[in-house]
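These numbers come from a predicted model, not from an experiment. Along the sequence shown, residues are numbered consecutively beginning with 1.
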Amino acid sequence: WALGACSGKTVEEEGAGGDSGGTDKPPVKNPPKPPSPVKACQTYASTWCTKAFGCYVQVGRLDENSRQYNVDECTRLIIEKLPCSAATSVGGDYDKCLTQIKGIACSKWDVPQTQFATVIPPSSCDSAVGFDE
C-alpha cells in the first residue's frame with residue numbers, strides 16, 4: 001500500500017458519510033466503552049496513516065498539498081486489506097498501540113517511497129485488533 005497515490009487520480013468519496021446510525025440514548029457517565037472492533041480497526045488505520053504521512057511531509061519527502069490525499073488513500077487501503085470489516089475484538093493493548101504510533105520518531109519514515117511499507121507498527125499493535133479466522 002506504499003504511496004500508490006501518486007497516480008494523479010481523483011478519489012470518489014463512497015460511503016464517507018459520518019452517520020453511523022446514531023442512537024437516542026443520553027450520554028452515560030460511566031467509563032468510556034471500548035470502540036467496536038470494526039471502528040477500532042478503522043481508527044488504527046487512520047492513526048497510522050495520519051502519523052506516517054505527517055512525518056513524510058515533515059522529513060521533506062512529500063509536499064503538504066499531497067498529505068491529505070495520501071492519508072485518505074492509505075487509510076482506505078489498510079481498511080480494505082486487513083479487512084476492518086472482519087475485525088472481531090479489541091485487545092488490551094489497543095490504546096497503547098495508538099499512543100506508541102503517535103510517538104514514533106518521524107526519522108523512521110525518512111525512507112524512499114519504495115521502502116515506505118518497511119516501517120513496522122509497534123509490537124503493542126500486534127494484538128490491538130483481533131480477527132477470527
Side-chain angles (χ1 to χ4, degrees):
W1 56 272
L3 280 183
C6 296
S7 61
K9 293 187 289 194
T10 56
V11 179
E12 293 177 32
E13 297 278 325
E14 54 185 58
D19 183 13
S20 59
T23 61
D24 292 321
K25 291 188 218 162
V28 181
K29 299 260 192 292
N30 295 339
K33 199 176 111 191
S36 72
V38 170
K39 182 70 177 155
C41 182
Q42 293 167 343
T43 300
Y44 163 79
S46 172
T47 301
W48 177 260
C49 296
T50 298
K51 176 65 177 185
F53 286 101
C55 282
Y56 224 55
V57 168
Q58 187 176 321
V59 299
R61 291 186 175 270
L62 182 71
D63 66 275
E64 177 64 42
N65 294 336
S66 301
R67 179 199 309 225
Q68 192 59 53
Y69 175 78
N70 280 277
V71 168
D72 292 346
E73 278 297 286
C74 168
T75 303
R76 182 182 64 78
L77 287 170
I78 291 177
I79 288 171
E80 281 177 13
K81 295 268 188 270
L82 282 174
C84 284
S85 60
T88 56
S89 64
V90 179
D93 278 348
Y94 178 74
D95 289 334
K96 181 179 179 183
C97 164
L98 296 186
T99 299
Q100 288 183 336
I101 287 171
K102 292 173 186 172
I104 295 173
C106 281
S107 58
K108 286 200 181 266
W109 273 285
D110 193 4
V111 295
Q113 290 184 10
T114 55
Q115 296 174 26
F116 195 76
T118 64
V119 181
I120 306 298
S123 61
S124 61
C125 297
D126 293 351
S127 60
V129 179
F131 299 87
D132 285 346
E133 298 290 321

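- Val71 and Ile79 are assigned to two separate hydrophobic clusters, defined by single-linkage of ILVMFWY side chains at heavy-atom distances under 4.5 Å.
- Closest heavy-atom contact between Cys125 and Ile101: SG-CD1, 3.9 Å.
- Taking every heavy atom of both residues into account, Ala87 and Val129 meet most closely at CB-CG1, 3.6 Å.
- Classification of the Tyr56-Phe53 ring pair by plane angle, with boundaries at 30° and 60°, yields perpendicular.
- Taking every heavy atom of both residues into account, Asp63 and Val57 meet most closely at O-CG2, 4.0 Å.
- Thr88 approaches Asp132 most closely through the heavy-atom pair OG1-N, 3.2 Å.
- Listed here is the closest heavy atom pair of Thr75 and Ser46: OG1-CA, 3.6 Å.
- Residues Leu82 and Cys41 meet the side-chain proximity criterion, which asks for heavy atoms closer than 4.5 Å.
- Separating the CG atom in Leu98 from the OG1 atom in Thr43 is a distance of 7.0 Å, to the nearest 0.5 Å.
- To the nearest 0.5 angstrom, Asp72 atom CG is 11.0 Å from Leu77 atom CG.
- The NZ atom of Lys81 lies 8.5 Å from the CZ atom of Arg76; values are rounded to the nearest 0.5 Å.
- Residues meeting the side-chain hydrogen bond (donor to acceptor under 3.5 Å, both in side chains) test with Asn65, sequence neighbours left out: none.
- Within the 4.5 Å cutoff, the side chain of Cys106 has heavy atoms near those of the Lys51 side chain.
- Residue pairs meeting the side-chain hydrogen bond (donor to acceptor under 3.5 Å, both in side chains) criterion with at least one partner in residues 93-109, sequence neighbours excluded, are Gln100-Ser124.
- For the atom pair CZ of Phe131 and SG of Cys84, the computed distance is 5.5 Å after rounding to the nearest 0.5 Å.
- Every residue meeting the side-chain hydrogen bond (donor to acceptor under 3.5 Å, both in side chains) condition with Asp110, not counting sequence neighbours, appears here in chain and number order: Arg61.
- Residue Gln68 holds its CD atom at 11.0 Å from CD of Glu73, rounded to the nearest 0.5 Å.
- For the atom pair Tyr44 OH and Cys49 SG, the distance stands at 8.5 Å (nearest 0.5 Å).
- The two residues Pro122 and Ile104 have their closest heavy-atom pair at CD-CD1, 4.0 Å.
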